[in-house]
Each structure stands twice: as structure tokens, then as C-alpha cells.
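Here the structure is a predicted model, which means the values were calculated and not measured.
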Amino acid sequence: MDEKYFPEKIEQKWQARWVETGAFEVERDDARQPFYCLEMLPYPSGFLHMGHVRNYSIGDALAWHKRLQGFNVLHPIGWDSFGQPAEQAAIKRGVNPREWTEENIAHMRGQLKRIGVSYDWRREIAAHRPDYYKWDQWFFLKMYERGLTYKRKSAVNWCPQEQTVLSNEQSSGGVCWRCGAAVVKREIEQWFVRITAYAEELLDGMKELEAGWPERVLTMQRNWINRSEGAFVDFAVKDTDETVRIFTTRIDTIYGATAIVVATEHPLVEKAVLKDDVAQFVERVRAARQSRPPVPGEDEEKEGINTGLLAVNPFNGEQIPIWVANYVLMEYGTGAVMSVPAHDERDFEFAQKYSLPVRRVIERISHEQERIDHDREAGLDQSVAMPHAFTDYGILVNSGEWGGKLSAEAIALMAAHAQANNFGEAAVTYRLRDWGISRQRFWGAPIPMIYCEGCGIVPVPETDLPVVLPEDVKLTGTGESPLAGVAEFVNTTCPKCQGAARRETDTMDTFVDSSWYFFRYCDPQNEAAPFDTEKIKYWTPVNQYIGGIDHAVMHLLYTRFWTKMMRDIGLVSFNEPVERLMTQGMVTNQVEGTTEWKRMSKSLGNGVDPDDMIEAYGADAVRLFILFAAPPENELRWQETGIEGAVRFLRRVWGMVWRWSERLSGAAEGQSAAQPESAMGALEFSDAARALRRKTHQTIARITDDFAELHFNTSVAALMELSNAFADFGAQPATASGADVFVVREALEALVIMLAPFAPHVAEEMWENLGHAEGLLNQAARWPEANAELARREELEIPVQVNGKLRSRIRATPDTPEEELRAAALADEKVRGMTEGRHIVKVIVVPQRLVNVVVK
RNA sequence: GCCGGAGUGGCGAAAUCGGUAUACGCACCAGACUCAAAAUCUGGCGAGGUCACACUCAUGUCGGUUCGAGUCCGACCUCCGGCACCA
């Protein structure tokens with residue numbers, strides 16, 4: 001050990017030592033309790049950014065802590081290595097996407113190793129390697145067998161920038177999740193995964209997650225699935241055999257329906273012989289959608305046209321016109337709605353524009369409010385500029401036999417009535433759509449399907465997997481599937497009839513790869529199955545998952561679905577893949593010349609290269625700062641003075657260990673902090689020594705608790721407090737008594753072991769220099785245990801309040817009886833000054849905490 | 001519009017169950033060491049007030065509950081995030 005702290009030297013030393021000793025390599029061991037600590041796997045863009053460093057620092061701290069507590073900790077890493085950037089690099093610069101990806105992985109692996117994250121590197125996986133994506137294809141076939149994948153032509157989200165299809169989740173808000181380009185609609189044939197079959201369960205399963213997942217993630221998923229209870233009602237189309245099925249959550253308002261409005265893509269519009277003006281309208285709306293995607297937060301001006309068709313309301317036989325309009329969505333419900341202008345804002349707006357009748361069928365229950373409501377609608381209420389629909393529940397009027405019933409009751413009864421008479425039923429709809437996974441890209445897992453003229457769609461037999469991506473494909477970025485131009489790939493024989501056939505040329509969405517990757521870590525070399533179910537049983541579900549909030553809906557919804565699907569094909573026995581989820585905050589930096597803090601990025605010029613920081617301050621200091629500067633879920637503002645503070649702290653602790661190293665190494669024989677009190681003989685502890693022991697044990701208790709909640713920032717603060725207390729303890733190595741040495745060892749060992757999750761390299765070095773040359777901290781050390789007796793304070797300062805305001809303090813011990821505290825407080829000079837001549841109403845004594853004297 | 005989260009020093013933030021508000025760090029100020037600077041060490045650091053105490057006021061705002069409220073309840077303001085013509 002040098003007198004001075006040289007991060008680079010010791011970081012290299014310990015990184016090498018960890019590799020030599022296989023320190024972080026783990027195997028299933030039924031005698032030990034497992035802990036699965038997982039961080040979201042990175043896309044190999046080529047460079048690690050600070051967000052990654054934060055992610056892995058959080059995960060590594062927990063992995064170290066659990067390991068020191070004796071758990072068998074699985075802590076793996078891999079690469080989400082299929083996807084757009086590799087393909088873009090290929091298109092723009094003509095590089096080979098596989099080589100480009102492999103080079104990036106090699107570079108980033110080096111960076112991760114320099115940070116010193118404690119991964120079991122033997123378990124590394126990469127999505128682009130055939131031994132991995134073979135199992136993507138295998139899962140696809142399993143789902144196909146069970147009807148969970150299917151092909152269909154439909155309007156899909158198309159990113160014009162990337163020239164590919166996106167799933168609904170990936171085009172949330174009308175923009176591409178990756179490049180931010182406005183998404184347009186396109187009619188395309190593609191493969192879907194039937195995630196909607198699990199909609200109810202995905203919603204329901206969140207009950208299981210409430211304890212371990214952040215509220216906001218659950219909320220986002222709930223919003224996304226958006227369950228809606230209502231009813232289907234069939235309206236006959238007059239003079240035809242057709243019916244129009246509508247979905248409504250307000251069947252109680254059906255007597256107020258004055259039109260049926262359908263989407264421009266509705267089958268009725270496709271089938272009917274339309275008048276010229278109607279056909280033109282439909283054409284115009286569709287063309288507009290192609291060129292001008294919807295702007296989030298802004299509704300398009302409602303437009304529609306009467307088709308001339310009439311629908312018959314099955315409840316009252318009334319004939320109402322069928323309109324086509326731009327505000328009805330084909331993707332939700334049935335693509336057709338009943339228009340009830342009196343009780344729906346959108347219908348009201350539409351009716352105003354086209355002078356459709358407004359018929360009130362719900363009245364407010366309270367008369368007082370009804371008057372106000374009438375005023376509004378009549379335009380008499382001056383504070384309301386525009387009349388409104390009345391959208392609340394109430395009491396039914398003008399509704400035939402249902403009149404007088406309350407909305408809630410009517411909704412149930414009317415749906416039952418519809419069902420009994422065969423023109424509808426109660427129904428639940430979701431906003432969640434099936435997951436479109438076809439991508440018109442090269443750099444992804446080929447969809448293992450074959451098209452035969454005679455046999456139709458034929459799955460690739462399991463034994464023929466993987467369907468391997470060809471090398472040397474010219475990529476042009478024209479929006480055609482690149483594989484379609486590779487004759488050797490496309491042309492094949494039909495597995496059924498052996499005749500000439502063609503392969504599917506689309507590849508899978510990369511979110512398929514990441515839906516199950518953490519199961520593969522448990523058994524990464526398995527050639528016979530995606531994984532061994534016994535190994536899975538030992539390691540999974542994941543105990544703690546850490547990653548960015550940006551995947552709250554996409555990845556985290558898909559992987560929940562995937563787990564349920566795997567359960568149903570008998571691979572796992574649980575419902576949810578992740579017990580606890582932590583969503584880390586962004587790492588931001590000030591944008592030069594402004595006061596704004598924004599996510600680090602190249603384009604803003606506010607990026608910070610982790611390699612530069614490690615070179616300047618060492619990996620330990622960078623990690624320590626990241627975990628100390630803010631709670632993990634908060635935004636982290638990058639401040640170089642903050643890292644300097646972290647280095648200062650590490651240097652101070654280093655100095656303490658260095659000064660005591662010789663004395664403690666000598667005394668190491670037969671003297672360990674872990675030894676029971678009885679082995680210490682008749683050591684006499686000074687007041688100062690007892691105070692340091694107290695602080696040591698208080699700190700152990702506090703940090704152990706903090707780890708359970710991942711409160712790393714307060715853990716680091718507690719370590720700093722302990723080191724401050726150590727500095728205040730005046731003992732000198734040359735003159736210290738046996739008792740002092742014992743207390744010093746106890747404090748320094750606790751400090752060093754508990755520092756290891758945050759700054760592992762320097763912790764290992766200091767551990768060695770505390771006289772533990774025989775074993776590595778990560779293997780030989782155990783997380784210290786707090787002794788409550790030693791942590792107990794001997795002397796207390798009890799605040800004394802008069803009428804709730806702090807006026808004085810009295811000295812006491814933890815077991816001073818209440819009566820005595822009361823007496824001491826009342827006898828206190830200050831208190832007497834304030835109570836003299838006044839009536840003491842009562843005295844509240846909270847043992848060990850405070851005394852409050854209430855006077856009048 | 002609907003849903004969720006958050007407002008505490010100059011800054012990042014602490015405060016476990018309703019019980020000493022501002023731990024820990026950054027920045028800043030003063031002192032020591034130095035020819036000097038850096039580094040390091042020591043001390044100070046919510047606002048008002050005072051020579052110094054005392055005292056008064058402070059956890060977004062206004063109320064409430066309580067002996068006692070950053071914490072619980074009600075109303076509001078602001079900011080951040082998600083969804084958005086979802087019938």
C-alpha cells in the first residue's frame with residue numbers, strides 16, 4: 001500500500017485479481033440462497049454513456065451488498081445487439097453490420113471492465129448471434145402453434161425516417177420512439193403477436209407488482225392497456241342485410257342517439273355503393289392522414305358526411321342516419337359509435353357543426369344543479385362561452401320503459417336486455433392492440449416462416465432452426481425488406497410438399513430479443529432449449545431489475561406478456577418476471593451558455609465521456625459520486641466538483657487505513673472485529689472508544705436498512721459520518737491501548753466492507769492492508785452485523801418544549817423513567833421562567849424523545 | 001381533459017412511527033501551513049435580530065386536526081412525467 005491513493009494502479013490490480021480468481025462467477029447451488037440482480041442490457045452503440053454508468057453502478061452496489069450478505073448472486077450482462085443503428089451504419093458507410101456490432105461490443109466490454117462492474121462474464125449473451133436468435137425463432141413457432149402469432153393486413157404505424165413498421169407502443173404520441181419522426185399510417189401485411197389475449201391478465205397481474213414496482217410505471221401500463229367496460233349494440237342497416245355494431249360505455253343514453261358515425265376504414269364504407277361525394281370524402285380523409293400525421297394534444301377539426309344509409313335503433317325502432325367521420329377511430333372498439341350529442345362532448349361538437357338533433361335523455365339528480373346546467377345549455381350562464389353536453393351520470397328521461405332509472409342501473413339492465421334479444425351484449429374493450437413484430441429490416445432475427453403456393457403458410461420445422469441471416473447483403477434503405485433481394489435466402493423448399501417455396505423476408509422487432517434475455521443468462525450455452533427449466537427455477541424471477549423509465553410501457557409490458565406465455569407453454573411456473581423494479585433517473589449536464597440541465601447528448605454538446613472521468617478520478621470515485629449525489633430515481637446533475645468531493649473522501653479513508661495499517665496487521669492474529677465480546681478479555685474502553693463503537697454499530701444498522709430500499713445516497717452519507725467520527729477519535733497508532741486498537745479495527749473494517757459496494761477496488765486494497773492478505777474482500781468478508789446494545793446511546797439530550805416550542809434541553813439516559821424526565825423538565829430554569837405564575841395544563845413525556853409542558 | 005409524482009438553505013439533498021427541521025456533501029467565507037499558489041487541515045455558513053445572548057420567522061399558498069405537523073386532512077398554486085377525438 002502506498003501512502004497516497006493512486007486509483008489507476010489499484011483498479012487495474014484488483015480487476016486482474018478478480019478475473020484470476022473468478023470472483024464473480026456463480027453456479028446454481030441449492031445449498032445457498034440465490035439473488036438475481038439485473039440491469040437492462042445495453043444496445044452496443046459503440047460507447048458507454050453516463051446513463052449506463054449510473055445503471056450499472058446501482059446494480060453493482062446491490063450485487064456487492066447481497067454477495068457480502070452471503071447470497072449466491074447472479075449478476076450478468078449482455079447485448080441488445082440487433083437493431084437500427086447497425087443497419088444505418090451499413091447503409092451509410094457500407095460496413096458489415098455484424099462486424100460493426102462485434103467491434104462495438106468489444107469496445108464497450110472494455111469500458112465496463114474498466115468501471116469494474118462485478119459481472120459473471122461467462123454468461124454474456126448477444127441477440128445477434130445465431131445461438132441466441134435461434135430461440136427467438138423457436139418461441140415464434142411455439143406461439144404460432146398456439147395461435148398467438150398470426151399474419152394480417154392492416155393499417156400500421158410507419159416511420160418514414162427509418163422506413164419500417166413500428167408497434168403501437170413504439171409510436172406512442174404519434175412519433176417514432178427511436179428517431180422522433182412523425183409516424184404515418186400504412187396498409188401492410190405483417191405478423192402480430194396476440195398480446196391482447198393477455199390484456200386482462202396484464203392488468204390484473206399488476207396487483208402482484210404493487211409492492212415492488214414504482215407506482216408511475218404501473219400507472220403508465222394501466223393507461224396504455226386502458227380497459228373500458230361497456231356494451232356492443234347492433235343496429236340494423238335499413239333495406240340491407242347488414243348490421244353496424246357499435247361500442248358504448250353509455251348504453252343508458254341510447255335513446256338520445258341521433259346518428260351512427262363510422263370510421264372511414266369501416267367495412268360498411270368499403271362494401272356499400274357510395275355516392276360520389278361520400279367516396280370523395282373518404283378518399284380525402286385517408287390521403288390527409290398519409291401526408292399529415294396527427295399532432296399529439298391537438299384534435300383535428302371534426303368532419304363528416306351523411307352516407308344516406310339509415311340505421312335502426314334496436315331499443316326504440318327509430319331510424320337514424322349513418323355518417324362517416326374523421327373522428328371515429330377504426331382501431332378502437334368496433335370503428336363505429338352511436339352519436340349522442342346531448343351527452344357526449346365530441347358528438348355535441350359534431351352535431352353543432354352539421355345541425356344534427358340534440359336530444360336530452362339524462363337529467364341531473366339534484367334540482368339545484370340542474371338549474372345551473374339548464375342555464376349553461378341555454379347560454380344564460382354568462383361564465384360559459386359555449387354550451388356543453390351533459391356527460392355525467394344521472395336519471396333517465398325520454399327513454400321508454402327505462403325512464404326513471406339511474407344510469408348505473410340502466411347500464412346493466414339495458415346491456416342484459418340487448419343480449420337477451422340478440423342485438424348486443426355487455427363487453428370490455430382495451431386500447432392495447434396486438435403487437436406488430438414484422439420489420440422490413442435486415443438486422444434482426446428472421447421470422448421462421450415459409451410461403452408455398454400449394455400449402456400456404458408453413459412454419460420452418462424446429463430442427464431447421466436457426467434460420468440464419470445471410471452475410472454480404474447490400475443494404476440500401478429503400479423500405480423494402482432487404483432479405484427479399486437475396487435469392488439464396490428467399491428461395492427454399494416447402495417443408496411439407498418439398499416444392500419450391502419462398503421464405504418470409506421480414507425480421508422480428510428487437511423487443512422480441514429483450515423480452516426473455518434474462519432467462520437465457522441462467523443457462524446461456526444451452527443448445528437443446530432456450531434454457532433448462534430447473535436452472536430457471538433456482539434463479540428466477542428476477543429479484544431486482546434496474547433500468548430507465550423509457551421502457552415502462554414497451555419492454556416492461558412485452559416481457560410481462562412473454563413470461564405469461566412461457567408459463568402457458570410450461571417453461572416457468574410464475575406469473576411475473578420481475579419482483580422489484582427500480583427506474584433510475586436521467587443523468588443531466590448543464591448546456592453550455594444556458595442555465596438548463598438536459599440529458600447528456602452529443603448534439604447538445606453536454607456529454608461527458610465516462611472514460612475521461614475514470615482517467616481523471618478513477619472508477620471508484622465516479623461510481624461513489626453517482627450514487628451519493630442524488631437518490632437513484634432522481635435526476636442526477638453532473639458536477640465535477642462533486643466527484644472531487646468523492647475523491648477527497650476516498651483519500652481521507654485511505655489515509656486512516658494507511659496510518660493504522662501496520663499496527664492492525666500486526667495485531668491481526670487472533671483479533672478480529674467479528675469475535676465475540678467474551679474473547680476480548682478485560683479490555684477497558686474509554687468514553688471516546690465507546691462513542692466510536694456506538695457510531696460504528698449505528699452506521700451498520702442504518703446502511704443495512706438503507707440497502708433494503710436502495711437509498712444509496714444516505715448510505716454514503718452515513719459512511720462519511722462514520723469516517724468523521726473516526727477522525728474525531730484521537731487515538732494514535734503508536735500509543736493506542738489494546739481497547740483502542742480493537743475499536744479502531746472494528747470501525748475501519750466496517751467502513752471498508754460497507755464501502756465496497758460503492759468503491760470496490762479501493763475497498764479491496766484497504767481490506768488487504770488491514771491485515772487480510774489471505775483472502776479477497778469479496779470472498780472472505782461478511783457484511784457486518786449491528787449490535788443494538790452497542791449502538792444504544794448512553795446519554796441523551798432531551799428537548800424540552802413549552803407549548804410545543806423548543807425552550808431547553810435536559811440530560812438523561814435511555815432508561816430515565818418518565819416521572820424523572822417530567823420532574824427534571826419542570827425544574828429546568830428556563831422552563832420555570834416560562835411557567836411561573838401560569839397554570840400547567842399537562843406535561844407530555846415521550847421517553848427518549850422529548851418533554852412538552854403545556855401551560856395556559 | 002384524464003391519470004400519476006413532486007415542491008425543504010446559494011445548489012444536490014436528509015429527517016424510519018406525528019416528536020430537536022436543514023444530517024452528509026458541493027459552493028462560499030475566514031484562519032493555519034506556504035515566499036506565493038494549489039493541495040491539505042481547522043472553524044463558520046437558513047432569514048431577521050443582537051457586541052454577544054435572548055427572541056422572532058422559515059419545509060409552495062391558505063385553512064384544519066393535534067400538547068406538538070416537512071410528515072395527517074381539505075382547498076388552491078406551481079413544476080415534472082404519462083396518455084390523449086379511446087366512444
Rounded to whole Å, the CZ-C1' distance (A:Phe625 to B:rA27) equals 13 Å

Base-pairing assignment for B:rA39 (Watson-Crick or G-U wobble, both under 3.5 Å):
none

Between A:Gly645 and A:Asp728, the residue closer to the 5' end of RNA chain B by nearest nucleotide is A:Gly645

At 4.0 Å (heavy atoms only), tell me whether A:Gly333 reaches a base, stays on the sugar-phosphate, or touches nothing.
nothing

When the P atoms of B:rA23 and B:rA13 are considered, how many whole Å apart are they?
15 Å

Tell me which nucleotide among B:rC85, B:rA14, B:rC24 gets nearest to the side chain of A:Glu721.
B:rC24

Do other residues, nucleotides or ligands put more than 12 heavy atoms under 6.0 Å from A:Lys598 NZ?
no

B:rA69 pairs with, by Watson-Crick or G-U criteria that keep both distances under 3.5 Å:
none

Under 4.0 Å, heavy atoms only, any strand: does A:Lys805 hit a base, just the sugar-phosphate, or nothing?
sugar-phosphate

Under the rule syn = chi within 90° of 0, otherwise anti, which is B:rC62?
anti

Given B:rA23, B:rA87, B:rG12, the nucleotide with the shortest approach to the side chain of A:Phe628
B:rG12

Evaluate A:Ile254 against A:Val340 for side-chain contact (heavy atoms from CB on, under 4.5 Å), listing each step before the verdict.
CA-CA 7 Å; A:Ile254 200 164; A:Val340 185; over 6 Å; no

With rounding to whole Å, what would you report as the distance between B:rA30 and B:rC79 at their C1' atoms?
38 Å

Please determine whether the number of non-hydrogen atoms from other residues, nucleotides or ligands lying under 6.0 Å from atom CD of A:Glu829 exceeds 12.
no

Syn or anti: how is B:rG43 classified when any glycosidic angle within 90° of 0 counts as syn?
anti

Grab the CE-C1' distance between A:Met330 and B:rA87 for me, whole Å please.
13 Å

Gap between atoms CD and C1', on A:Gln221 and B:rG4 respectively (whole Å):
14 Å

Which nucleotide in the list B:rA87, B:rU20, B:rC83 gets nearest to the side chain of A:Arg346?
B:rA87

NA contact type, A:Ser172, heavy-atom cut-off 4.0 Å: base, sugar-phosphate, or nothing?
sugar-phosphate

Between A:Lys695 and A:Phe729, does the side-chain contact (heavy atoms from CB on, under 4.5 Å) criterion hold? Intermediate values first, please.
CA-CA 11 Å; A:Lys695 187 68 180 177; A:Phe729 179 64; over 6 Å; no

Do A:Tyr332 and A:Thr429 pair up side chain to side chain, a donor and an acceptor below 3.5 Å, judged on atom types alone?
yes

Suppose we define a pair by two distances each less than 3.5 Å, Watson-Crick or G-U wobble; what does B:rG46 pair with here?
B:rC57

Within the 4.0 Å heavy-atom criterion, would you say A:Arg648 contacts the bases, only the backbone, or no part of the nucleic acid?
sugar-phosphate

Give the intermediate values and the outcome of side-chain contact (heavy atoms from CB on, under 4.5 Å) for residues A:Phe649 and A:Leu624.
CA-CA 10 Å; A:Phe649 168 66; A:Leu624 185 71; 3.7 Å; yes

Just how far, in rounded Å, is C1' of B:rC79 from CG of A:Asn634?
14 Å

Is A:Thr714 close enough to B:rA13 that one of its side-chain N or O atoms is under 4.0 Å from OP1 or OP2 there?
no

Describe the nucleic acid contact of A:Val328 in one word from base, sugar-phosphate, nothing, applying a heavy-atom distance below 4.0 Å.
base

Quick check on B:rG25: is either OP1 or OP2 less than 4.0 Å from any side-chain nitrogen or oxygen of A:Asn724?
yes

Scan every strand shown for a Watson-Crick or G-U wobble partner of B:rA13, both distances under 3.5 Å, and answer none if you come up empty.
none

When rounded to whole Å, the CZ to P distance for the pair A:Phe348 and B:rG1 reads 19 Å

Gap in Å between the two P atoms, one belonging to B:rG48 and one to B:rU34, rounded
37 Å

Heavy atoms of other groups near A:Tyr430 OH, more than 12 under 6.0 Å
yes

Which nucleotide in the set B:rG82, B:rC24, B:rG12 lies at the smallest distance from any side-chain heavy atom of A:Met220?
B:rG82

Taking the P atom of each, how far is B:rG60 from B:rU71, in whole Å?
8 Å

Nucleotide of B:rC86, B:rU40, B:rC67 approaching A:Leu329 most closely (side-chain heavy atoms)
B:rC86

Indicate, with a heavy-atom threshold strictly under 4.0 Å, whether A:Arg227 touches base, sugar-phosphate, or nothing.
nothing

Regarding A:Glu635 and A:Arg599, does a basic nitrogen lie under 4.0 Å from an acidic carboxylate oxygen?
no

I want to verify a distance call: between B:rC26, B:rG5, B:rC67, whose nearest atom is closest to the A:Glu215 side chain?
B:rG5

Between P of B:rC80 and CG of A:Leu636, the distance in whole Å
20 Å

In terms of the nearest nucleotide of RNA chain B, which residue is placed more toward the 5' end: A:Arg651 or A:Asp706?
A:Asp706

If I take atom CH2 in residue A:Trp213 and atom C1' in nucleotide B:rG5, what distance separates them, rounded to the nearest angstrom?
18 Å

Do A:Asn852 and B:rC67 have a side chain to base donor-acceptor pair shorter than 3.5 Å?
yes

Report the base-pairing partner of B:rA27 (Watson-Crick or G-U wobble, both distances below 3.5 angstrom), or none.
none

Touch check for A:Arg849, heavy atoms < 4.0 angstrom, all strands: base, sugar-phosphate only, or nothing?
sugar-phosphate

Could you work out which one of B:rG19, B:rA87, B:rC26 sits closest to the side chain of A:Thr641?
B:rC26

Heavy atoms from C-beta onward define the side chain here; which of B:rC83, B:rG19, B:rG5 lies closest to that of A:Leu850?
B:rG19

Starting at atom CZ of A:Arg652, determine the distance to atom P of B:rA39, rounded to an integer number of angstrom.
14 Å

Quick check: are there more than 12 heavy atoms from other residues, nucleotides or ligands sitting under 6.0 Å from CD of A:Glu633?
yes

Once you apply a heavy-atom cut-off of 4.0 Å, does A:Val337 come out as touching a base, just sugar-phosphate, or nothing?
base

Euclidean distance for P, B:rC53 against B:rG46 (whole angstrom):
13 Å

State the pairing partner of B:rU34; accept Watson-Crick or G-U wobble contacts with both distances under 3.5 Å, and report none otherwise.
none

Of all the nucleotides listed (B:rA87, B:rG25, B:rC67), which has the minimum atom distance to the side chain of A:Phe247?
B:rA87

For B:rG7 versus B:rG70, give the span between their P atoms, rounded off to a whole number of Å.
14 Å

Counting just side-chain N and O atoms, does A:Asn713 come under 4.0 Å of either OP1 or OP2 of B:rA14?
yes

Testing B:rC24, B:rA14, B:rA87 for proximity to the side chain of A:Pro631, the answer is B:rA14

Opposite nucleotide pairing with B:rC83, Watson-Crick or G-U, both atom distances under 3.5 Å:
B:rG1

Would A:Leu432 and A:Leu557 count as a side-chain contact (heavy atoms from CB on, under 4.5 Å) here? Give the steps.
CA-CA 11 Å; A:Leu432 180 72; A:Leu557 190 64; 3.9 Å; yes

For A:Asp347, answer base if it contacts any base atom (sugar-phosphate contacts may also be present), sugar-phosphate if it contacts only those atoms, and nothing otherwise; contact means non-hydrogen atoms under 4.0 Å.
nothing

